[in-house]
Enquirer: 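Below are the structure tokens for one structure; questions will follow.
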Amino acid sequence: MSVRPSPDPLSSMWAWIAWDLRFHRQRAGMSGEEFGRIINVVRATVSRMESGEYRIQDAHARALDKYFNTGGHFARLLHFARLGHNPDWHKDHLNIEGRSDVIKSYEALVVPGLLQIPEYARALIAAGGEPDVDGLVDERMSRQGIFSRESPPVLWVLLNQNILDWPVGGPDVMRPQLARLLEASEQANIGIRVVPRASGAHAGANGSFKILSGPAGEFAYTDSPGGGRLVPSTAEVKTFAIRYDRIGMHALPEDQSRDVIKQAMEALI
């Protein structure tokens, strides 16, 4: 079995953690299987952790600190790794999204990427001044392939009403985009609820986010210019789940949401 190289520990806090895992294991003269028993994972997962492909969680850090009597070394590294910016967050988020079983999304500004039509995506990406518009549109459309899986994910969307009225790409783009939302809302694994303007201020005022649940665990992701933020901490993900539920308290039922989408279509000239 080939050994995956550890990343440069000076490149990021996450890389430092990966490097330290191998350092402590090798210093103790332990095999990957023995090391895995400390944190309750298999040898292959240890290898992925040491290469930086898979990140340790709170329970892993606590178990390692206890076993090696580090005084909280791994817990502190994990804490600061989560606070810092990681340029791979967007890429990691897409990988997790592609393997998720349940995706909960709150959108404050635009139709979620998983439900965008190519023309709508192109208008948004081009307006952002991106150099490779075609490539980014293709990437966004390829993400929607998860709905063609044998067991497609459940997608629950809370959609700010202002999104329906913002003519991205003009009426000729918005009509089919709204039609796509209506079509998607009829699928058994997709639920779309509109948060009406009349609800006033609510917990979604701080911006869009999504919660991803699947084999890798539960994560939250927030998007922003220059790169988003991936939240792997179980405790912090719970705060996003609470926020999602609080926003949902203001959202219309699915049937009424479809009516609002239809009204927005009819209003297009």
Side-chain angles (χ1 to χ4, degrees), residues 93 97 100-128 137 140-141 143-148 152-213 220-225 228 239-269:
H93 139 254
E97 179 186 81
S100 292
D101 299 319
V102 178
I103 301 171
K104 297 181 180 180
S105 174
Y106 166 66
E107 295 293 338
L109 296 175
V110 299
V111 171
L114 289 174
L115 296 177
Q116 291 178 10
I117 62 173
E119 296 81 4
Y120 184 95
R122 180 175 298 279
L124 285 175
I125 293 169
V137 171
R140 189 163 299 178
M141 294 303 103
R143 290 167 52 196
Q144 300 178 10
I146 62 176
F147 295 116
S148 300
V154 170
L155 174 64
W156 293 346
V157 178
L158 297 176
L159 205 64
N160 193 312
Q161 185 179 359
N162 292 334
I163 294 170
L164 308 178
D165 302 325
W166 187 24
V168 173
D172 291 341
V173 170
M174 282 304 297
R175 286 192 199 95
Q177 177 59 78
L178 294 177
R180 168 60 183 143
L181 290 178
L182 288 174
E183 175 190 39
S185 72
E186 298 289 350
Q187 295 178 226
N189 62 312
I190 298 178
I192 299 175
R193 297 169 60 207
V194 173
V195 182
R197 281 186 292 270
S199 64
H202 55 74
N206 290 333
S208 306
F209 63 92
K210 65 175 66 171
I211 302 169
L212 308 160
S213 304
Y221 182 75
T222 62
D223 212 348
S224 61
T239 68
F240 281 91
I242 293 171
R243 188 189 307 178
Y244 187 89
D245 289 343
R246 289 178 63 194
I247 298 169
M249 292 174 65
H250 296 272
L252 299 171
E254 288 183 289
D255 287 345
Q256 292 182 30
S257 294
R258 291 190 190 98
D259 290 340
V260 172
I261 295 173
K262 291 174 184 176
Q263 292 167 11
M265 289 181 67
E266 293 168 359
L268 291 170
I269 300 175

Enquirer: Checking Arg193 side chain against Gly248 main chain: does a donor-acceptor pair fall under 3.5 Å?
Expert: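 Flag set: sc Arg193 to bb Gly248 pair under 3.5 Å.
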Enquirer: Return the set of residues passing ring pair (Phe, Tyr, Trp, His ring centres under 6.0 Å) with Phe240 (not counting sequence neighbours), or none when no residue passes.
Expert: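 For Phe240 the ring pair (Phe, Tyr, Trp, His ring centres under 6.0 Å) partners, ignoring immediate neighbours, are Phe209.
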Enquirer: Hey, could you give me the CG/OH distance between Leu158 and Tyr244, rounded to the nearest 0.5 Å?
Expert: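 Between atom CG of Leu158 and atom OH of Tyr244 there are 3.5 Å.
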Enquirer: Pro196 pairs by side-chain contact (heavy atoms from CB on, under 4.5 Å) with which of Asn162, Leu252, Asn160?
Expert: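 One option only clears the test, and that one is Leu252.
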Enquirer: Please name the pair of heavy atoms, one in Ile190 and one in Ala184, separated by the smallest distance, quoted to 0.1 Å.
Expert: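 Closest approach of Ile190 to Ala184, heavy atoms only: CB-O, 3.4 Å.
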Enquirer: What are the two closest non-hydrogen atoms of Leu181 and Ile261, and how far apart are they?
Expert: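 Heavy-atom minimum between the residues: CB-CD1, 4.2 Å.
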Enquirer: Between Thr222 and Asn206, does a side-chain contact (heavy atoms from CB on, under 4.5 Å) hold up when you go through it step by step?
Expert: CA-CA 10 Å; Thr222 62; Asn206 290 333; over 6 Å; no
Enquirer: To the nearest 0.5 Å, how far apart are CE in Met141 and CD in Gln116?
Expert: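 Met141 CE to Gln116 CD: 6.0 Å, rounded to 0.5 Å.
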Enquirer: List the atom pairs, donor and acceptor, that lie under 3.5 Å between side-chain atoms in residues 102-109 and the rest of the protein, sequence neighbours left out.
Expert:
{"from": "Ser105", "atom 1": "OG", "to": "Glu107", "atom 2": "OE2", "distance (Å)": "3.0"}

Enquirer: Do Glu183 and Arg180 meet the salt-bridge criterion of a basic N to acidic O distance under 4.0 Å?
Expert: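 Looking at Arg180 and Glu183, the cut-off is met.
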Enquirer: Testing the basics here: between Val194 and Val260, what is the closest heavy-atom pair and its distance to 0.1 Å?
Expert: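 Result for this residue pair: CG1-CG1, 4.3 Å.
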Enquirer: Kindly say whether Pro167 contributes a backbone atom to a donor-acceptor pair with the side chain of Gln177 at under 3.5 angstrom?
Expert: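 It does not hold such a pair.
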Enquirer: Counting only heavy atoms not in Arg246, do more than 12 fall under 6.0 Å of its CZ?
Expert: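 Check fails, neighbour count at 12 or below.
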Enquirer: Minimum heavy-atom separation for Ile247 to Val195, with atom names?
Expert: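 Answer, listing the atom of Ile247 first, then Val195: CG2-CG2, 3.9 Å.
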Enquirer: Rounded to the nearest 0.5 Å, how far does CG of Asp245 lie from CD1 of Ile211?
Expert: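 It is 7.5 Å, given to the nearest 0.5 Å.
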Enquirer: Kindly indicate whether the side chain of Ile146, heavy atoms from C-beta on, has any atom under 4.5 Å from the side chain of Leu155.
Expert: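 Sidechains of Leu155 and Ile146: no contact.
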Enquirer: How far does CD of Gln144 sit from CD1 of Ile117, to the nearest 0.5 angstrom?
Expert: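 Nearest 0.5 Å value for the CD-CD1 distance: 10.0 Å.
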Enquirer: Looking only at heavy atoms, which two atoms of Tyr120 and Val111 are closest? And how far apart?
Expert: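 Reported closest heavy-atom pair: OH-N, 3.1 Å.
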Enquirer: Is there a side-chain contact between Ser100 and Leu212, using heavy atoms and a 4.5 Å cut-off?
Expert: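 Yes, their side chains come closer than 4.5 Å.
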Enquirer: Can you name the nearest heavy-atom pair linking Ser185 to Arg258, along with the distance?
Expert: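 Result for this residue pair: O-NH2, 2.8 Å.
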Enquirer: Can you tell if the side chain of Val157 reaches within under 4.5 Å of the side chain of Leu114, non-hydrogen atoms only?
Expert: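 Sidechains of Leu114 and Val157: no contact.
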Enquirer: Out of curiosity, Leu268 CG to Gln263 CD, how far, rounded to the nearest 0.5 Å?
Expert: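 Leu268 atom CG to Gln263 atom CD measures 12.5 Å (nearest 0.5 Å).
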Enquirer: Could you measure the distance from the CE atom of Met174 to the CD atom of Glu119? Nearest 0.5 Å is fine.
Expert: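 Answer for the CE-CD pair, Met174 versus Glu119, is 12.5 Å.
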